[in-house]
Number of protein chains: 2
Amino acid sequence: MTTDPPRPTDAELEILTVLWNRGPGTVRDVHDAIAARKPTQYTTVLKTLQIMAAKGLVRRDETQRAHVYEAALPSEVTRRQLAGDLLTRAFSGSARNLMLGALSSRKATKKELAELRKLLDDYEKGTV
Amino acid sequence: MTTDPPRPTDAELEILTVLWNRGPGTVRDVHDAIAARKPTQYTTVLKTLQIMAAKGLVRRDETQRAHVYEAALPSEVTRRQLAGDLLTRAFSGSARNLMLGALSSRKATKKELAELRKLLDDYEKGTV
DNA sequence: ATCCTACTACGATATTCTTCGTAGTGCAAG
DNA sequence: CTTGCACTACGAAGAATATCGTAGTAGGAT
């Protein structure tokens, strides 16, 4: 039995987001995506990806000279972990209060509220 | 204009939770609450509270020999910050997906789902 | 006055996080 | 073959985190 990968750090989550959005990619791919938004050295991304591989957060395919990295877990699983973690640590398990915090952190559109209602319905039906 | 206090760390959040639940208290108070759940040295809590005071996460009343600490911000504000932060960093701003993550991290009761629906209604009415 | 206890202050350590520079290597172009 | 480039490996350093031990002090009890 292997242990679950630990909760990703901020920098790691940023990289995971790129891998989730674009699918598996090389360090170059990830770096380009991140450097487009903030100045970052190539080797910083490389090193972080190596650490993430050691932690089991990403898998690495070394058959090519430029290794190809892939998120070890689908975004849903990691997100569930993060949401559940915050729910426990900061909200004493109250989903209601977590949602309230999220909603009040910024304006929610009517469309989003409708989505949320539908989600509750689907959840109750077991559709999701 | 003062800067907002930074996002609390795990250990800091644990202490804030005690202060939110019990109101202002001494290091002794906080330590007793935490040590009841996991072995922790008194001075660890003391040191962390001192650091938190320096960061502005808590306020300190030194008029008594045993200083009295108080959360600098109400739980709602810090929680909003944390929820908003996770919403942005891990969920690309999708409240729907954050809620899905929270719900799927553990079973939700019928009562809780009702609470959530009511929250959406209240939010739409501006009641909350 | 002396002693004991509870308290604060603070240094120190180990670990993690984040970033970056340097060194080494394989490969393709000339 | 030689050169240059893109890539990996890795050490290092600085900041943040988390924990604990020691030293010093205030104040009440004897």
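Numbered from 1 within each chain, the chains take letters A, B, ... in sequence-line order. Note that this is a predicted model, so its numbers are computed, not measured.
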Nucleotide C:dC7, atom P - distance to CD of B:Q64 in whole Å: 13 Å
Hey, which of these two, A:Y42 or B:K38, hits DNA chain D nearer its 5' end, going by closest nucleotide? A:Y42
Under the side-chain contact (heavy atoms from CB on, under 4.5 Å) criterion, do B:L120 and A:M99 qualify, and how do the steps go? CA-CA 9 Å; B:L120 291 176; A:M99 170 118 89; 4.0 Å; yes
Side chain of A:Q50 only, heavy atoms from C-beta on: which candidate in C:dT19, D:dA9, D:dT22 is closest? D:dA9
Compare side-chain N and O positions of A:R60 against OP1 and OP2 of D:dC7 and report whether any pair is under 4.0 Å apart. no
Please classify the nucleic acid contact of B:T9 as base, sugar-phosphate, or nothing, using heavy-atom distances under 4.0 Å. sugar-phosphate
Round to the nearest Å and state the distance from A:K47 atom NZ to D:dG14 atom P. 16 Å
Assess whether one donor atom and one acceptor atom, taken from the side chain of A:R65 and the base of D:dA6, lie less than 3.5 Å apart. yes
Without decimals, in angstroms, what is the distance between A:H31 NE2 and C:dC20 P? 9 Å
How is A:I51 classified with respect to the nucleic acid when contacts are heavy atoms under 4.0 Å: base, sugar-phosphate, or nothing? base
For A:K55 and for B:H67, locate the closest nucleotide of DNA chain C by heavy-atom distance; then report the residue assigned to the nucleotide nearer the 5' terminus. B:H67
Can you check the A:Q41 CD to D:dC7 C1' distance for me, whole Å? 15 Å
Check this for me, if you would: do B:R7 and A:D10 make a salt bridge, where the nitrogen-to-carboxylate-oxygen distance has to be below 4.0 angstrom? yes
Report the C-alpha separation of A:T9 and A:K55 in whole Å, then their side-chain angles, then the decisive distance to 0.1 Å, and conclude whether the side-chain contact (heavy atoms from CB on, under 4.5 Å) test is met. CA-CA 11 Å; A:T9 66; A:K55 289 182 182 177; 4.3 Å; yes
Which is true for A:T48 with a 4.0 Å heavy-atom rule: it touches a base, it touches only sugar-phosphate, or it touches nothing? base
Can you tell me how far P of D:dA9 sits from CE of A:M52, to the nearest Å? 16 Å
When the nearest nucleotide of DNA chain D is assigned to B:A11 and to A:E62 on a heavy-atom basis, which residue is associated with the more 5' position? A:E62
Which heavy atom of A:V68 sits nearest to which heavy atom of A:P24, and what is that distance? CG1-CB, 3.8 Å
B:T43 side chain, from C-beta outward: closest of C:dC20, D:dT22, D:dT19: D:dT22
Rounded to whole Å, the CD1-C1' distance (B:I15 to D:dT17) equals 12 Å
Candidates D:dT8, C:dC7, D:dC20 - which lies nearest the side chain of B:A66: C:dC7
CG of A:D10 versus C1' of C:dC17: gap in Å, rounded? 10 Å
Ignoring backbone atoms, test whether A:R28 places a side-chain nitrogen or oxygen under 4.0 Å from the OP1 or OP2 oxygen of D:dA6. no
A:L46 side-chain proximity, nearest of D:dT8, D:dG21, C:dC20: D:dT8
Stepwise salt bridge (Lys or Arg N to Asp or Glu O under 4.0 Å) check, B:K125 with B:D121: CA-CA 6 Å; B:K125 281 187 248 168; B:D121 292 345; over 6 Å; no
Sub-4.5 Å side-chain heavy-atom contact between B:L16 and B:V58: yes
Whole-Å gap separating P (C:dA6) and CG (B:D29): 14 Å
